[in-house]
Amino acid sequence: VQLQASGGGLVQAGGSLRLSCAASGGSFSRYAMSWFRQAPGKEREFVAGISSSGGNTAYADSVKGRVTISRDVAKKTVYLEMIRLKPEDTAVYHCAADYRILSDSRRVGGPRPSEYDYWGQGTLVTVSS
């Protein structure tokens, strides 16, 4: 599975962005998808996740209420809608895929990067104050 993230850019504090992660080369509907971010000098951290079925989501406390993750099976794309952005949201955002068997389709991906099978290259989000 190849993942291609896009949609990052420079935005003022309080603004919004929508990130996209397009998947190819695999069965998109069999993967739980998550977004992580990594700021300079910091560890990669979980931002949001969505189950392979699309019915369950999870968010980091730091972004809850400002971020929405969704997926479009037909387009094989997962989105991260971000509003009320803050300077501390500045980071490279990566999408990641974690394979699921059919009976495990409701489980959202966890916060540990090591759990994931595939990663996108990242898209830079810069929030100016």
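Values below: every heavy atom of this structure, side chains too, minus hydrogens, waters and symmetry copies.
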query: Between the side chain of Arg84 and the main-chain N/O of Gly65, is any donor-acceptor distance below 3.5 Å?
result: yes
message: Can you confirm whether Arg66 sits close enough to Asp89 that some side-chain heavy atom of one is under 4.5 Å from a side-chain heavy atom of the other?
response: yes
message: Which heavy atom of Ala13 sits nearest to which heavy atom of Ser129, and what is that distance?
response: CB-CA, 4.3 Å
query: Does Val108 share a hydrophobic cluster with Val63, counting links as ILVMFWY side-chain heavy atoms below 4.5 Å and allowing steps through other members?
result: no
- prompt: Can you list every pair that meets salt bridge (Lys or Arg N to Asp or Glu O under 4.0 Å) and has a residue in residues 70-79, with sequence neighbours left out?
  reply: none
field: Note, Trp35 side chain near Ile69 side chain (heavy atom, < 4.5 Å)
entry: yes
query: Do Gln121 and Gln4 touch side chain to side chain, with heavy atoms closer than 4.5 Å?
result: yes
- request: Nearest 0.5 Å please: distance from the CE atom of Met33 over to the CG atom of Leu80.
  value: 11.5 Å
- prompt: Under a 4.5 Å cut-off applied to non-hydrogen side-chain atoms, are Tyr31 and Asp98 in contact?
  reply: no
task: Please collect all ring pair (Phe, Tyr, Trp, His ring centres under 6.0 Å) contacts where either partner lies in residues 48-95, sequence neighbours excluded, each pair once.
output: none
message: Side chains of Ile50 and Val78, heavy atoms from C-beta outward: is any pair under 4.5 Å?
response: yes
field: Candidates Thr126, Val125, Thr90 - the one meeting side chain to side chain contact (heavy atoms under 4.5 Å, CB included) with Leu10
entry: Thr126
- prompt: Restricting to pairs with a member in residues 102-113, which pass side-chain hydrogen bond (donor to acceptor under 3.5 Å, both in side chains), not counting sequence neighbours?
  reply: Asp104-Arg107, Arg112-Glu115
message: Checking Ala22 now: which residues fulfil side chain to side chain contact (heavy atoms under 4.5 Å, CB included) with it, not counting sequence neighbours?
response: Thr77
task: Could you pull out all residues at least two apart from Phe46 that satisfy ring pair (Phe, Tyr, Trp, His ring centres under 6.0 Å)?
output: Phe36
Validation row: Leu19, Glu81 side chains within 4.5 angstrom (heavy atoms): no
field: hydrophobic_cluster_shared for Val47 and Val11, side chain cutoff 4.5 Å
entry: yes
field: Atom pair CZ/CD1 of Arg30 and Ile101 - distance to nearest 0.5 Å
entry: 8.0 Å
task: Indicate the atoms forming the closest heavy-atom contact of Ala91 with Ala39, along with that distance.
output: CB-N, 3.8 Å
- prompt: Which atoms form the tightest heavy-atom contact between Leu3 and Cys21, and what is the distance?
  reply: CB-SG, 3.9 Å
Flag side-chain contact, heavy atom, 4.5 Å: Phe28 against Ser52: no
- prompt: Taking it one step at a time, do Cys95 and Trp119 satisfy side chain to side chain contact (heavy atoms under 4.5 Å, CB included)?
  reply: CA-CA 6 Å; Cys95 55; Trp119 289 86; over 6 Å; no
task: Considering non-hydrogen atoms only, spot the tightest contact between Gly109 and Ala32 and give its length.
output: N-CB, 4.0 Å
- request: Could you name each residue pair satisfying salt bridge (Lys or Arg N to Asp or Glu O under 4.0 Å) that touches residues 43-54, not counting sequence neighbours?
  value: Arg37-Glu45
task: Output the distance between atom CZ (Arg18) and atom OG (Ser6), rounded to the nearest 0.5 Å.
output: 9.0 Å
query: Is it true that a side-chain atom of Ser51 and a backbone atom of Asn56 form a donor plus acceptor pair closer than 3.5 Å?
result: yes
